[in-house]
Amino acid sequence: MSDAKDLPSLRPGQRILIARDGRVVSGASHRRRILAIRVLAGAAAASLAVLNPVVGIPLIAGVAIPTIAVVRWSRQLRAALRLALDDRLDEASRALDALGAPLLVRSRRLANVAQLRSFIAERRGDLAAAVAHADDCARLLPSPRKGYSIVYWTNQYNRAHWLIELGRTDDARAQLAACGRAPGGEWYRVQYRFLVLHAAFAKLAELPDDDKLGDWLRDALRYNHTGGTLALLGWAFEARGDADAAQLAYSEAPSRFLKGPAFFARGYPALWKTLGPKLDAATAAAEQIN
């Protein structure tokens with residue numbers, strides 16, 4: 001799996017690394033930092049073993065054994081994620097069932113498992129189960145701990161969307177307010193705009209003014225993964241009587257669903273019931289013009 005150099009260039013099959021504040025960070029620099037940490041740790045361990053082997057060797061073994069187990073556990077978790085992304089959902093679920101509990105930082109690592117289970121449930125179209133797993137993730141990771149901020153905030157955003165789709169109005173409003181406290185980095189900013197528009201569609205929030213909607217449209221067009229945002233912007237401009245902006249947003253949306261419109265329809269059935277036909281009509285109109 002390759003790394004995208006930045007968020008606008010993100011394409012299917014690529015990954016990005018998100019810093020705690022929501023900034024996209026370079027995969028190469030991240031790997032260099034990890035390598036430097038490992039080299040320093042290895043050098044310190046070697047020095048200790050040479051200077052005091054009676055103490056150093058058992059200590060190194062005591063650290064190395066659980067560390068190796070955690071690395072193996074993390075690799076198995078990533079393999080389950082790849083299965084889920086390939087829509088091999090039963091295989092992904094079985095891989096998670098066989099994973100067992102990690103030896104170190106147990107609750108936070110299990111929050112990763114709960115989040116992946118919620119993703120699998122969404123891909124199956126079972127949003128009630130997705131919310132239940134999101135609740136487990138929130139219980140295991142009740143705050144954005146260092147190294148797990150992206151897990152925490154992604155879970156918060158996903159839970160808000162699913163609650164809106166399920167019509168759980170009061171819970172959705174509370175979750176929307178919680179998401180408003182996310183850091184202001186690029187990743188979170190893009191996610192929050194989509195959430196605000198979704199909430200406005202469900203009459204749980206007010207639409208931004210026309211100038212802000214225009215800014216959001218221009219910004220959404222910079223990215224390859226903003227299909228949902230563009231579809232909702234089309235709806236918003238249509239509600240405001242701006243047919244040209246609505247057509248632009250609708251026509252650009254279909255190609256910008258990173259996992260495809262069919263997956264989006266499974267995760268957002270209430271939204272898709274209204275927006276799906278509008279995107280189809282806009283696509284047909286654009287093809288006639290061309």
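Hydrogens, waters and symmetry mates play no part in the numbers below; they use all other heavy atoms, side chains included.
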How long is the span from the [atom1] atom in [X] to the [atom2] atom in [Y], to the nearest 0.5 Å?
| X | Y | atom1 | atom2 | result |
| --- | --- | --- | --- | --- |
| R109 | Y148 | CZ | OH | 4.0 Å |
| L96 | L77 | CG | CG | 6.5 Å |
| R222 | L7 | CZ | CG | 8.0 Å |
| F237 | Q247 | CZ | CD | 13.0 Å |
| L176 | Q156 | CG | CD | 11.5 Å |
| R123 | D87 | CZ | CG | 4.5 Å |

TODO: Tell me, with the steps shown, if F194 and Y157 meet side chain to side chain contact (heavy atoms under 4.5 Å, CB included).
DONE: CA-CA 10 Å; F194 175 40; Y157 282 119; over 6 Å; no
Salt bridge check, [Y] against [X]: does any charged N sit closer than 4.0 Å to a carboxylate O?
| X | Y | result |
| --- | --- | --- |
| D135 | R159 | yes |
| R218 | D215 | yes |
| D97 | R94 | no |
| R124 | D126 | no |

Open item on the list: Could you go through L166 and D171, starting from their C-alpha distance and side-chain angles, then the distance that decides it, and tell me whether this counts as side chain to side chain contact (heavy atoms under 4.5 Å, CB included)?
Closed with: CA-CA 10 Å; L166 291 169; D171 291 339; over 6 Å; no
With the side chain counted from C-beta on, respond yes when [X] and [Y] share a heavy-atom pair under 4.5 Å apart, and no when they do not.
| X | Y | value |
| --- | --- | --- |
| P277 | W272 | no |
| W153 | R181 | yes |
| R20 | P183 | no |

Whether [X] side chain and [Y] backbone form a donor-acceptor pair below 3.5 Å:
| X | Y | result |
| --- | --- | --- |
| Y250 | W235 | yes |
| S118 | A130 | no |
| N155 | A134 | yes |
| D86 | R88 | no |
| T274 | L271 | no |
| R193 | W216 | no |

- [ ] Verify the distance criterion only: is there a donor paired with an acceptor across the side chains of Q175 and H161 at less than 3.5 Å?
- [x]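 There is no such pair (donor and acceptor under 3.5 Å, judged by atom type) between the side chains of Q175 and H161.
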Open item on the list: Parallel, tilted or perpendicular, judged at 30° and 60°: which one describes the rings of F119 and F263?
Closed with: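 Plane angle between 30° and 60°, so tilted.
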- [ ] Fit a plane to each ring of Y268 and F264, take the angle between them on a 0 to 90° scale, and name the class: parallel (under 30°), tilted (30 to 60°) or perpendicular (over 60°).
- [x]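 Y268 vs F264 ring planes: parallel.
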Open item on the list: As a quick check of understanding, evaluate side chain to side chain contact (heavy atoms under 4.5 Å, CB included) for L233 and T226, giving each step before the final call.
Closed with: CA-CA 10 Å; L233 282 167; T226 48; over 6 Å; no
Open item on the list: Check this for me: R145, atom CZ, are more than 12 non-hydrogen atoms of other residues, nucleotides or ligands nearer than 6.0 Å?
Closed with: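 Counting other residues, nucleotides and ligands, CZ of R145 stays at 12 neighbours or fewer.
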Atom of [X], atom of [Y] and distance for their closest heavy-atom approach:
| X | Y | result |
| --- | --- | --- |
| L140 | S107 | CB-O, 3.5 Å |
| W187 | H225 | CZ3-NE2, 4.3 Å |
| L89 | A84 | CD2-O, 3.8 Å |
| L207 | A200 | CD2-CB, 3.8 Å |
| P254 | S251 | CD-O, 3.5 Å |
| T229 | A220 | CG2-CB, 4.3 Å |

Is there a continuous path of hydrophobic side-chain contacts, each under 4.5 Å between heavy atoms, that joins [X] to [Y]?
| X | Y | result |
| --- | --- | --- |
| L83 | I120 | no |
| L248 | L197 | yes |
| L127 | L163 | yes |
| L275 | L213 | yes |
| L232 | L279 | yes |

Open item on the list: The test is side chain to side chain contact (heavy atoms under 4.5 Å, CB included); show your working for L221 and R256 and say whether it passes.
Closed with: CA-CA 9 Å; L221 292 171; R256 297 174 192 255; 4.1 Å; yes
- [ ] May I have the step-by-step check of side-chain hydrogen bond (donor to acceptor under 3.5 Å, both in side chains) for Y223 and E186, ending in yes or no?
- [x] CA-CA 11 Å; Y223 300 95; E186 182 183 17; 2.7 Å; yes
